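The structure presented is a predicted model; accordingly, all values stated were derived computationally and were not measured.
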Amino acid sequence: HDLKLELPFPTKMVSVRLPGRVLREAIRFSRRSEEQRGFLQCDDGCALPDGLTLSRVAGEELEADRAYSVGLPRNLVKGFASVQPLIEWGEANPAALPGEEDYRTAYALVVQHYAMSMWLSLGAFDDIDQDHNGLLDREEVAAAVGKRLERSPSNALVAALMNALDVDGDGVISVKEFAALRARHLNSSKLDS
């Protein structure tokens with residue numbers, strides 16, 4: 001509920017792969033004054049020692065030529081808030097931009113990211129599959145999350161976790177759906193290298 005208050009607007013978010021130098025310059029540009037719209041937020045794995053200059057991403061030193069997966073409002077690369085490094089990158093790399101209808105709302109993106117992170121922290125499929133039938137149901141997922149969080153998860157959290165992986169919509173997570181998450185995580189890690 002608090003997240004909906006924090007993200008009340010249906011901001012169209014996209015995921016793009018930005019070179020480290022563009023990411024660093026866009027963040028610096030977006031923070032040039034307190035009145036600046038388009039202030040780019042960073043997660044807790046980023047470091048900006050002077051408050052302006054990105055030096056670390058995911059706890060590692062920023063590499064200027066490395067491509068980083070970045071979630072941002074689509075309209076920033078189209079000119080909103082005049083974050084010049086993003087506009088220039090978007091104009092120079094139109095094929096790297098998702099299509100006009102390929103977006104998620106900020107709320108959905110945050111929930112999806114958290115759900116995927118939570119899934120990755122729960123362990124192996126066989127550890128979660130208590131009845132060993134090759135499927136994870138809501139109760140098994142709730143038990144695994146409860147063990148991880150050391151408290152009972154909300155129904156909304158369990159629903160978000162199920163929705164994040166239940167590609168075929170049958171109400172359970174198969175070994176194949178679970179493996180696809182692990183494969184996406186490994187591929188994402190390799191792409192960021």
Side-chain angles (χ1 to χ4, degrees), residues 3 6-7 11-34 36-124 148 160-161 164-165 167 176-193:
L3 184 58
E6 220 27 65
L7 301 168
T11 303
K12 295 178 179 179
M13 301 292 291
V14 294
S15 179
V16 295
R17 299 197 43 81
L18 291 177
R21 78 175 78 62
V22 173
L23 181 58
R24 180 181 54 231
E25 292 309 312
I27 290 170
R28 180 188 311 222
F29 192 93
S30 80
R31 294 167 181 239
R32 68 184 186 273
S33 78
E34 289 189 25
Q36 178 67 29
R37 294 186 70 177
F39 184 92
L40 297 177
Q41 302 292 329
C42 297
D43 73 14
D44 60 359
C46 294
L48 293 91
D50 62 2
L52 295 172
T53 308
L54 181 66
S55 64
R56 300 183 80 72
V57 174
E60 297 179 10
E61 187 173 332
L62 177 82
E63 297 176 36
D65 295 322
R66 179 176 169 185
Y68 294 89
S69 294
V70 178
L72 51 86
R74 180 179 181 69
N75 59 7
L76 289 181
V77 295
K78 298 286 190 170
F80 176 75
S82 301
V83 181
Q84 207 58 41
L86 290 178
I87 296 168
E88 291 169 5
W89 178 84
E91 289 172 350
N93 299 282
L97 294 175
E100 288 295 327
E101 297 304 315
D102 295 332
Y103 68 87
R104 302 188 100 166
T105 64
Y107 178 83
L109 186 67
V110 169
V111 169
Q112 178 76 15
H113 176 76
Y114 179 74
M116 292 306 196
S117 295
M118 178 60 73
W119 272 113
L120 291 169
S121 75
L122 294 179
R148 171 75 172 86
L161 289 167
L165 292 192
V167 176
K176 183 178 178 181
E177 289 167 325
F178 188 84
L181 165 70
R182 297 290 178 175
R184 281 194 307 271
H185 176 68
L186 287 174
N187 286 338
S188 174
S189 296
K190 288 178 186 173
L191 287 174
D192 284 341
S193 297

Q.
Looking at every non-hydrogen atom in both residues, tell me the closest pair between Arg17 and Ser69 and how far apart they are.
A. NH1-OG, 2.7 Å
Q. Looking at Leu76 and Gly38, what are the two nearest heavy atoms and their distance?
A. CD2-CA, 4.3 Å
Q | Minimum heavy-atom distance Glu177-Val167, with the two atoms named | A | OE2-N, 2.9 Å
Q | Under the salt bridge (charged side-chain N to carboxylate O under 4.0 Å, His left out) test, residues paired with Glu60 that sit two or more places apart | A | Arg66
Q: Nearest 0.5 Å please: distance from the CD atom of Gln41 over to the OG atom of Ser30.
A: 8.5 Å
Q: Nearest 0.5 Å please: distance from the CG atom of Leu72 over to the CE atom of Met13.
A: 6.5 Å
**Q.** With Arg31, the side chain to side chain contact (heavy atoms under 4.5 Å, CB included) member among Asp50, Thr53, Leu48
**A.** Leu48
Q: Over all heavy atoms of both residues, which pair between Arg148 and Ser121 is shortest? Give the atoms and the distance, please.
A: NE-OG, 3.1 Å
Q) Looking at side-chain heavy atoms only, is the closest gap between Val70 and Leu40 below 4.5 Å? A) no
**Q.** Pairwise side-chain contact, Met116 with Leu181, heavy-atom cut-off 4.5 Å (strictly under)
**A.** yes
(Q) On a heavy-atom basis, which atom in Ala115 and which in Leu161 lie closest, and how many Å separate them? (A) O-CD2, 3.3 Å
Q) Shortest non-hydrogen contact from Ala64 to Arg24? A) CB-NH2, 4.4 Å
Q: Using modelled atom types only, decide if a donor and an acceptor are shared between the side chain of Tyr103 and the backbone of Thr11 within a distance under 3.5 Å.
A: no
Q.
What's the separation between atom OG in Ser55 and atom CD in Glu61, rounded to the nearest 0.5 Å?
A. 8.0 Å
Q) Does Glu25 reach the side chain of Leu54, with side-chain heavy atoms less than 4.5 Å apart? A) no
I'd like a table of donor-acceptor pairs (distance under 3.5 Å, sequence neighbours excluded) in which one partner is a side-chain atom from residues 85-101, with atom names and distances.
{"residue": "Asn93", "atom": "ND2", "partner": "Trp89", "partner atom": "O", "Å": "2.9"}
{"residue": "Glu100", "atom": "OE2", "partner": "Arg74", "partner atom": "NH2", "Å": "3.1"}
{"residue": "Glu100", "atom": "OE2", "partner": "Lys78", "partner atom": "NZ", "Å": "3.4"}

